[in-house]
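Step one of this worksheet: look at the structure below.
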Amino acid sequence: MRRRLLACAAIAAAVLVTTALPARADRGTMSGVVYAGPCATSYDIATEAFVCRGAGVWLGFFNGPATFAAKGTVGVVSGDARGTITYRFRGQTPFGYGELTLSGPFTIEGATGETKASVTVRSGTGALTKMSGQMTITGISPVTGGPSNGNYEGRWETRP
């Protein structure tokens, strides 16, 4: 009887482990939405240089809060901006919980607020340690630094 109980317990544990671990591909696509609050900005009118820091939330493939830091230039008259941006995401993905740092260039068209950032995964922790990939974020960002929203899409893969 004891052998049967042990055998049943071993089978139950094997079933539990098998069903708890999702099948993972080594590459795929990601998409979702981004909401960001206003950013705290410092601006030098003489050089048109700015630094902006803020926070928001990502939903979709990534689910959780993200902070960002951007620096670059913005035209006093046109409102056109360009520079580099770094995002730090912390939250849940289909692979589990982790943190991810992504960075790359961005542009904002002053007249419309149309924004585009092309970012690359720089590092990850937790379930995202071996993740790499690129992502494009498009949306609307008022040149005033007010709240913005947009969409992200891209490709990811896991490193061996």
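This structure is a prediction, so every number in the text was calculated from the model and none was measured. All residue numbers refer to positions in the sequence shown, counting from 1. Quick note: numbers below take in every heavy atom, side chains included, and nothing from hydrogens, waters or symmetry partners.
- Nearest heavy-atom pair, V121 versus M131, reported as atom, atom and distance to 0.1 Å: CG1-O, 3.4 Å.
- A centroid separation of less than 6.0 Å is found between the aromatic rings of Y87 and W58.
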(request) Start with the C-alpha distance between K116 and I137, add both sets of side-chain angles, then the distance that settles side-chain contact (heavy atoms from CB on, under 4.5 Å), and finish with yes or no. (result) CA-CA 6 Å; K116 182 176 181 180; I137 301 170; over 6 Å; no
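- V33 and F61 end up in different hydrophobic clusters when Ile, Leu, Val, Met, Phe, Trp and Tyr side chains are linked at under 4.5 Å.
- Dense packing is recorded around CD of Q92, with more than 12 heavy atoms of other residues, nucleotides or ligands lying under 6.0 Å away.
- Residue T107 holds its OG1 atom at 11.0 Å from CD1 of I85, rounded to the nearest 0.5 Å.
- Atom CZ in F106 sits 12.0 Å away from atom OG in S118 (nearest 0.5 Å).
- The line from OG1 of T84 to NZ of K71 is 5.0 Å long, rounded to the nearest 0.5 Å.
- The minimum heavy-atom distance between G64 and F89, with the atom names listed, is N-CE1, 3.6 Å.
- Linking Ile, Leu, Val, Met, Phe, Trp and Tyr whenever their side-chain heavy atoms come within less than 4.5 Å puts M135 and F95 in one cluster.
- From Q134, atom CD reaches atom CH2 of W156 across 13.5 Å, with rounding to the nearest 0.5 Å.
- In this structure, E109 CD and E114 CD are separated by 5.5 Å, a value rounded to the nearest 0.5 Å.
- Of all heavy-atom pairs spanning N149 and Y35, the tightest one is CB-CD2, 3.9 Å.
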(request) Determine, stepwise, if the pair T47 / T73 fulfils side-chain contact (heavy atoms from CB on, under 4.5 Å). (result) CA-CA 8 Å; T47 63; T73 58; over 6 Å; no
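- When every heavy atom of L128 is checked against every heavy atom of T93, the shortest pair comes out as CD2-OG1, 3.6 Å.
- In terms of heavy-atom proximity, G110 sits nearest to D80 at N-OD1, 2.7 Å.
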(request) Applying side-chain contact (heavy atoms from CB on, under 4.5 Å), run through I140 and S148 and close with a yes or a no. (result) CA-CA 6 Å; I140 301 295; S148 61; 5.9 Å; no
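- The shortest heavy-atom contact between R122 and S103 is NE-OG, 2.8 Å.
- Taking the six-membered ring for Trp, F50 and Y43 have ring centres at least 6.0 Å apart.
- Under a hydrophobic clustering in which Ile, Leu, Val, Met, Phe, Trp and Tyr are joined whenever their side-chain heavy atoms come within less than 4.5 Å, directly or via other members, V74 and I45 fall into the same cluster.
- Remark: the R88 side chain and the T67 side chain contain no N/O donor-acceptor pair separated by less than 3.5 Å.
- Put simply, CD on E157 and OG on S132 are 4.0 Å apart, with the number rounded to the nearest 0.5 Å.
- Both M30 and L100 belong to a single network of hydrophobic side chains, linked directly or stepwise wherever heavy atoms of I, L, V, M, F, W or Y lie under 4.5 Å apart.
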(request) Report the C-alpha separation of V119 and Y152 in whole Å, then their side-chain angles, then the decisive distance to 0.1 Å, and conclude whether the side-chain contact (heavy atoms from CB on, under 4.5 Å) test is met. (result) CA-CA 10 Å; V119 295; Y152 66 84; over 6 Å; no
